[in-house]
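These notes concern the structure reproduced below.
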Number of protein chains: 2
Amino acid sequence: MPKLGMQPIRKQALVNATIVEIGRAGSLDVTVSQIAKRAGMSSALAHHYFGSKEDMFLAAMRHVMTLYGAEVRGALAVADGPDARLRAILRASFSAGNFRREAVGAWLNFWVMAQTVPAARRLLGVYQGRLRSNLRACLRAHADGREIADGLGALIDGLYLREVLKNGPPDGAAAVATAMAYLDARLGK
Amino acid sequence: MPKLGMQPIRKQALVNATIVEIGRAGSLDVTVSQIAKRAGMSSALAHHYFGSKEDMFLAAMRHVMTLYGAEVRGALAVADGPDARLRAILRASFSAGNFRREAVGAWLNFWVMAQTVPAARRLLGVYQGRLRSNLRACLRAHADGREIADGLGALIDGLYLREVLKNGPPDGAAAVATAMAYLDARLGK
DNA sequence: CAGTTTGTTGATTGACGAGTCAATAAACTT
DNA sequence: AAGTTTATTGACTCGTCAATCAACAAACTG
């Protein structure tokens, strides 16, 4: 059965399975066997393509952040003017996709991983840097643009955390509204 | 050697050791033996006093939140007027103690735990509820007091996260300043 | 076709860890 | 003194899991 060119397919399947399993467990306490099984292969094969479990986690982290980045970019592509662009970023940040079990588990656990795994911290730094530069670009006209953008970045993370850990279903629209209220106040509108 | 009345001393020692070990590991991936050793006893004794590892984690979580609560209450006790009280809460939230390894590890991992352990989620809810009611009390005079308080609560968590995961030493004063800028804007000052 | 690369897995290794238990001992009780 | 409760641990059970390896198969190469 061995068809050639399996590598990228297998790797992608493993990355997806890793994200799903982290979401199911709510933690990084997932076994390579679980991941491999969900991806439809043996654990030995998983070790063959990724050297170690940590490599799988990092690849999964990269993928989650890539998805989020794509969502933001897509939203920005059709937004005209600084105001619309800010709203686009907020909507993308609090979209339903980011509140799925897998995404939530991924983000929370990547924060934990970033404490001790340098590669994870770097990845997180890249994501935060991009977000910050996007926000700053929208606020370049304003005198305190930098400070406002940095505060907004933190507010986004904080609101996400609250929505995710509260009881009941998360409400992305409410988070967007709170963030907009912050913006309106700081822009003197 | 068996002196009587060891229970509370042993339990407290285990709670402290649990927090330290979580901080060292950066995750909940700590063994009961590690914790027991740091607390100066056998792992069997740890199991004797707490039924399970999860019980130890929950006790540790309770303790961390109690400490934070005490810090806030202490700061509020000597603060006069809504403005000073708000600043007191912010300073307590971003005090050096909250940026120690153990505290950081505890908070990040408790967020993860709250995803799946109902008792952990309840504890977190209690803490957030108290913080919210404290903030609201300070903003009762203002028309949008509730919304401002809720936004500020999220901003505190988000700023904490950023300070904790950024490279370089965390800067509590900067976080306080950013939060104050948010407040000033929303209070129309 | 002979040889190499790529895909694939079952079985195994080697290690670790949560929780239990029996046993020992000091301290209180009656 | 006999009995009970509390403190304490070493040894053990039973399980798990990351990582390795040998071996087999299909596909490419020359």
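These figures come from a predicted structure and were not determined experimentally. Below, read A as the first sequence line, B as the second, and so on, with proteins coming before strands; counting in each chain starts at 1.
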Reported CD-to-CG distance for the pair A:Gln12 and A:Leu14, which is rounded to 0.5 angstrom:
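So the CD of A:Gln12 and the CG of A:Leu14 are separated by 9.5 Å.
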Just the rounded figure in Å: distance from [atom2] of [N] to [atom1] of [X].
X       : N      : atom1 : atom2 : value
B:Met6  : D:dT5  : CE    : C1'   : 15 Å
A:Lys11 : C:dT8  : NZ    : P     : 14 Å
A:Ile35 : D:dA18 : CD1   : C1'   : 11 Å
A:Met56 : D:dA19 : CE    : C1'   : 10 Å
B:Asp29 : D:dC17 : CG    : P     : 12 Å
A:Glu54 : D:dC17 : CD    : P     : 18 Å
A:Gln7  : C:dT8  : CD    : C1'   : 14 Å
A:Leu4  : C:dT5  : CG    : P     : 13 Å

Check: A:Thr31 and A:Glu21 side chains under 4.5 Å, non-hydrogen atoms
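In short, these two side chains do not touch, never coming nearer than 4.5 Å.
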Which nucleotide in the set C:dG7, D:dT6, D:dC17 lies at the smallest distance from any side-chain heavy atom of A:Gln34?
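That would be D:dC17.
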Could you pull out all residues at least two apart from A:Ala103 that satisfy side chain to side chain contact (heavy atoms under 4.5 Å, CB included)?
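None.
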May I ask you to decide whether B:Arg136 forms a salt bridge with B:Asp150, counting only side-chain N to carboxylate O separations under 4.0 Å?
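Yes, charged N to carboxylate O under 4.0 Å.
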Is B:Arg10 near enough to D:dT8 that one of its side-chain N or O atoms lies under 4.0 angstrom from OP1 or OP2?
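For D:dT8, OP1/OP2 do have a side-chain N/O of B:Arg10 under 4.0 Å.
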Side-chain donor-acceptor pair present, A:Glu147, B:Thr178, cut-off under 3.5 Å
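No - no donor-acceptor pair under 3.5 Å links their side chains.
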Please work out which residues in residues 13-20 of chain A have a non-hydrogen atom less than 4.0 Å from an atom of DNA chain C and list them by number.
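Close to the strand, none.
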Which of residues 39-53 of chain A have a heavy atom under 4.0 Å from DNA chain C?
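Close to the strand are A:Met41, A:Ser42, A:Ala44, A:Leu45, A:His48, A:Tyr49.
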Answer yes or no: does atom CZ of A:Arg38 have more than 12 heavy-atom neighbours from other residues, nucleotides or ligands under 6.0 Å?
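Atom CZ in A:Arg38 is packed in, count exceeds 12.
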Can you confirm whether or not the ring centre of A:Phe110 sits under 6.0 Å from the ring centre of A:Phe57?
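Here the rings of A:Phe57 and A:Phe110 have centres that are no less than 6.0 Å from each other.
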Aromatic plane relationship, A:Trp111 with B:Trp111 - under 30° parallel, 30 to 60° tilted, over 60° perpendicular
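B:Trp111 vs A:Trp111 ring planes: perpendicular.
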B:Trp107 and B:Tyr127 aromatic ring geometry - parallel, tilted or perpendicular at 30°/60° bounds
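B:Tyr127 vs B:Trp107 ring planes: tilted.
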